[in-house]
Protein chains: 2
Amino acid sequence: MLVTIKDIAKAAGVSHTTVSRALRGHPAISTETTRHIQQLAEQMGYVPSAVAQSLNSRQTFTIGMVVTTIADPFVPLVAEGIEKVAQEAGYSVFLMTSYNDPEREMTVVETLQRRRVDAIIVTASRVGSLYGEQLERIQVPIVLINNQENGEFLHSIAVDDVQGAKLATEHLLALGHRRIGYVGLLTRPKSNAHRLLGYQAALQKADIPQDPNLIFLPPPDDDFRCGELALSLHLKHQATAILCYNDITAIGLLNTCQQNQIAVPQALSIIGFDDIEAAQYVSPPLTTFRQPRLQMGELAMQMILDLLNKKSVEDQLLPGELIIRGSTVQIYPEQ
Amino acid sequence: MLVTIKDIAKAAGVSHTTVSRALRGHPAISTETTRHIQQLAEQMGYVPSAVAQSLNSRQTFTIGMVVTTIADPFVPLVAEGIEKVAQEAGYSVFLMTSYNDPEREMTVVETLQRRRVDAIIVTASRVGSLYGEQLERIQVPIVLINNQENGEFLHSIAVDDVQGAKLATEHLLALGHRRIGYVGLLTRPKSNAHRLLGYQAALQKADIPQDPNLIFLPPPDDDFRCGELALSLHLKHQATAILCYNDITAIGLLNTCQQNQIAVPQALSIIGFDDIEAAQYVSPPLTTFRQPRLQMGELAMQMILDLLNKKSVEDQLLPGELIIRGSTVQIYPEQ
DNA sequence: TGCCGTAAAACACACGTGTGCATAAATGAT
DNA sequence: ATCATTTATGCACACGTGTGTTTTACGGCA
C-alpha cells in the first residue's frame with residue numbers, strides 16, 4: 001500500500017492536518033516540525049495523490065488533447081509543443097483520438113467530461129465543430145488548432161491559409177508560370193476554401209485569367225491518391241505548375257510523375273503545404289509552405305494557461321513560411 | 001457547478017446512496033425508483049466524476065505512455081495502437097515525453113506516481129532501463145516496447161532485430177552482393193548490437209569473410225547525419241550495398257548519394273530498418289525491414305490489460321517483415 | 001396480536017487531501 | 001499574578017462516490 005499523510009502523521013505523532021501543512025510549507029507550522037515531517041515524508045517515499053488533491057481542489061491539472069489520429073504527419077509536432085508547455089506548467093495531457101468516427105467522438109467528449117479535464121485542445125478534427133454544444137456544456141476553456149468550421153464561442157489558433165496559398169502561387173508566378181493548377185481536398189472544407197482563395201487572389205493580382213479546368217477537387221479519398229489523380233491537370237490541361245492542398249497530396253503527385261516519366265521540376269513544378277518531415281526527403285525535395293507546428297502547439301497550450309488564469313486571449317492567425325526547395329523551377333521559355 | 005449524485009438525490013427525494021445504487025443497477029433498488037433516478041440523471045446532464053471514483057476504488061483506469069518524443073517517426077503509430085486498445089477497454093492515456101533528458105525523466109516518473117496511473121508503457125526510451133528501481137517502486141505493471149537494456153522484472157515487446165538484420169543481409173546476398181556494409185548507431189546500444197549480430201550471422205552463413213572496414217559506427221549524432229557519413233563505406237571501402245540501422249539513416253545516405261551523383265540502386269544498394277512512412281515516398285523507394293508498429297502498440301496495451309487482470313503474460317519477440325522496394329537491386333556482374 | 005422474513009432505503013464510514021475555526025500552550029504586557 | 005496576544009496544533013468538515021450494515025416498513029403466518 002502507498003504512503004499517505006496519515007501514515008506520516010502516525011509516524012511523527014501529529015495530526016494529518018499538520019503533515020499536510022508542513023509539506024506545503026504553511027507558516028503556522030514550526031520550522032522544526034516542518035523539517036522533521038518533510039524528512040520523514042522523504043524517507044517513507046511519500047508521493048501525494050493527485051487524485052485526492054483533484055477531488056478536493058476541483059482542479060485536475062489535466063488537459064485533453066483531441067486529435068483525429070496521432071499518425072497524421074501534421075499532428076505529432078503539434079502534440080510535442082502542447083505536451084512540453086503543459087509539462088512545464090505542471091499539467092498532464094490525455095491523448096484522445098477520434099478518427100472522425102461519430103461514435104468515438106461521442107466517447108471522447110464524454111470521457112473528457114468524466115475525467116474533469118481543466119481544458120481541451122482540439123487539433124485538426126471535426127470534434128470542435130460538430131460537438132460544439134456538448135463541448136460548451138463542459139464549461140472548460142477550449143482551443144482549436146487548424147480546425148474546420150470554428151464555432152464563435154471557441155478560441156482558435158490557425159495558420160494563415162489564404163496568405164500561404166497566395167505566397168506559394170506568387171512564387172510560381174515569379175518563376176514565369178502562367179498555367180498553374182490547384183488540387184484541393186473536400187475533406188477539409190474550410191482550409192481548402194481559404195487556400196483556394198489565396199491561389200485565386202494571387203492570380204487575379206497578376207492579371208492572369210482564371211481557368212476553371214485548372215482547379216481540381218477530386219472526390220473524397222486518401223490524400224495521397226488525390227495527388228495521383230491531379231496529374232490530369234498537367235496532361236489534359238497543360239498546367240506547368242501545381243499547388244497541392246498538402247504535402248501528402250504533393251508527394252502523391254510527385255510519385256505519379258516519376259512513374260509516368262514526367263520530370264519534376266523540369267516539366268512540372270510542384271508545391272506542397274505543411275512542410276511535413278517527408279517533404280525534405282523526397283526527390284526532388286519539395287517546395288512547400290511551412291506551418292509552424294511546434295509553435296502552434298506551444299501557443300495553444302499557452303493560450304489555455306492564460307484562459308485558466310482568467311487572462312484575456314486573442315485568436316491567432318499565424319504567418320507560416322514558404323520553403324523553397326527543388327520541386328519548383330523557372331519555367332523553360334520554349335514551353 | 002456540475003451535477004453530483006447528491007443533487008439528483010435531492011431532486012428525487014432520496015439519499016445519495018440510493019442514487020449511486022440506482023445508477024449502477026443495484027438489485028436492492030426497486031425497478032421504479034431506478035428508472036426514475038436514471039431518467040432524472042439524464043435530464044440533469046449528470047456525468048460521474050472519474051476523480052471521485054478513482055479515489056474510492058483506488059483505480060484510475062489511466063495508463064502512462066512514456067516516449068522519448070512523439071515526433072520520432074517510429075512512435076506515432078505505436079501510440080495509436082496503444083490508445084485504440086486502451087480506449088476500447090475504458091482506459092485513458094497520459095502522453096509523457098522524456099527527451100532522453102535526465103531531469104525530465106525524473107519528472108515523468110514522479111508524475112506517473114502522483115497521478116496514480118494503473119500501468120505504464122515505455123516506448124523506445126531510456127526511462128525503462130535507467131529508472132528501473134523508481135519504476136518498480138510504483139508497484140504497477142510496466143511494459144517496455146523496443147527498449148534498450150530491459151531489466152529482468154519488466155515485461156517487454158520487441159521486434160526481432162537479429163532476424164530482421166539477417167533477412168535484410170540475406171536479401172542483399174541473394175542479389176549477388178559480397179561487399180555489404182553496416183551503419184550502426186551507438187545511441188541505441190541494444191538493438192544496434194542485435195542488428196549487427198544478424199548482419200554478421202548472415203555473412204558467416206554465406207561464408208563471406210568479414211571486413212571490419214565495412215562496419216561503420218559513427219560518433220553519436222543525428223540519425224540522418226550518420227547516414228550521410230556512411231557514404232565512406234562505398235567510396236573508401238567499395239561497399240556495393242549498405243544496411244542501415246534505421247530508415248532515417250538510410251534516407252540520409254540516400255540523400256548524400258544523390259548529391260554526389262551516385263546512382264541508387266545501380267551503383268549502391270541501400271536497405272533501411274523500420275519502414276517509416278517516408279520510406280515509401282523517397283526515390284527510389286526504400287527497401288526496408290518493417291516493424292509492425294501499430295500491432296506492437298496494440299499488443300503492449302493488451303498485455304497491460306492481461307497483467308491488470310492477473311493473467312500471466314509472456315514477453316513477445318515479433319517477427320517483422322522485409323519490404324522490398326527500389327533501393328536494392330541485383331549487382332551488376334561487371335562490377 | 002405478535003413474530004419473522006423480506007424488500008427498500010438510509011446511515012455511517014471510507015478513499016486522501018486541504019482549510020476554517022477552535023483550542024491549547026507559550027509568550028509578553030501590565 | 002492575570003489577562004491579552006501570539007504561536008502551534010488538532011478538530012471537524014468538505015470534495016464525490018461506493019459499500020457494509022442498520023433501520024424502516026410491510027406483508028404473511030401462526
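All of these numbers come straight from a predicted model, not from anything done at the bench. Just so it is clear: chains get the letters A, B, ... in the order the sequence lines come, proteins before strands, and each one is counted from 1.
- Paired with F94(B) under the rule side chain to side chain contact (heavy atoms under 4.5 Å, CB included), one option of T111(B), V108(B), V117(B), T60(B) passes, and it is V117(B).
- Between T17(A) and S20(A), the side chains place no donor N or O within less than 3.5 Å of an acceptor N or O (distance only, hydrogens not considered).
- For S20(A), counting side-chain heavy atoms from C-beta on, the closest listed nucleotide (dT17(D), dT17(C), dG18(C)) is dG18(C).
- In this entry the distance linking CD of E32(B) with P of dA7(C) reads 17 Å, nearest Å.
- Closest to the side chain of T18(B), from the set dG16(C), dT17(D), dA9(C), is dA9(C).
- Closest to the side chain of R24(A), from the set dG18(D), dT19(C), dG16(D), is dT19(C).
- Within 3.5 Å, no donor on the side chain of S49(B) pairs with an acceptor on the base of dC15(D), nor the reverse.
- Closest to the R58(B) side chain, of the nucleotides dC15(C), dA8(D), dC15(D), is dC15(C).
- A donor-acceptor contact under 3.5 Å links the side chain of T17(B) to the base of dC11(C).
- Separating the CG atom of L55(B) from the P atom of dG18(D) is a distance of 12 Å, rounded to the nearest angstrom.
- One finds no side-chain N or O of Q53(B) lying less than 4.0 angstrom from the OP1 or OP2 phosphate oxygen of dG16(D).
- Of the N and O atoms on the side chains of T31(B) and T34(B), not one donor lies less than 3.5 Å from an acceptor on the other residue.
- The distance between atom CZ of R115(A) and atom P of dT17(D), rounded to the nearest whole Å, is 14 Å.
- Between the side chains of R115(B) and S92(A), a donor-acceptor pair is found at a separation under 3.5 Å.
- A donor and an acceptor atom sit less than 3.5 Å apart, one in the side chain of R21(A) and one in the base of dG10(D).
- Across dA8(C), dG18(C), dG10(D), the shortest atom-to-atom separation from the side chain of S30(B) is found for dA8(C).
- H16(A) contributes no side-chain N or O that forms a donor-acceptor pair with the base of dG16(C) under 3.5 Å.
- Ion pair E80(A)/K84(A) not flagged as a salt bridge, since none of the NZ, NE, NH1 or NH2 atoms sits closer than 4.0 Å to an Asp/Glu carboxylate oxygen.
- The nearest whole Å value for the distance from the CD1 atom in I8(B) to the P atom in dT17(D) is 8 Å.
- Residue contacts for S54(A): at a heavy-atom cut-off of 4.0 Å it reaches no nucleic acid atom on any strand shown.
- Partner of I120(B) under the side chain to side chain contact (heavy atoms under 4.5 Å, CB included) criterion, out of I138(B), I63(B), V143(B): I138(B) alone.
- V14(A) comes within contact range of the sugar-phosphate backbone alone, with a heavy-atom separation under 4.0 Å but no base atom that close.
- One interatomic measurement links the two molecules: NZ of K10(B) to P of dT17(D), which rounds to 13 Å at whole-angstrom precision.
- Taking atom CG on L2(B) and atom P on dT17(D), their separation rounds to 9 Å, with Å as the unit.
- Following rounding to the nearest Å, N56(B) (CG) and dT17(D) (P) show an atom-to-atom distance of 10 Å.
- For S15(B), no side-chain nitrogen or oxygen approaches OP1 or OP2 of dC11(C) to under 4.0 Å.
- We find that CZ of F61(B) is positioned 12 Å from P of dG18(D), with the value rounded to whole Å.
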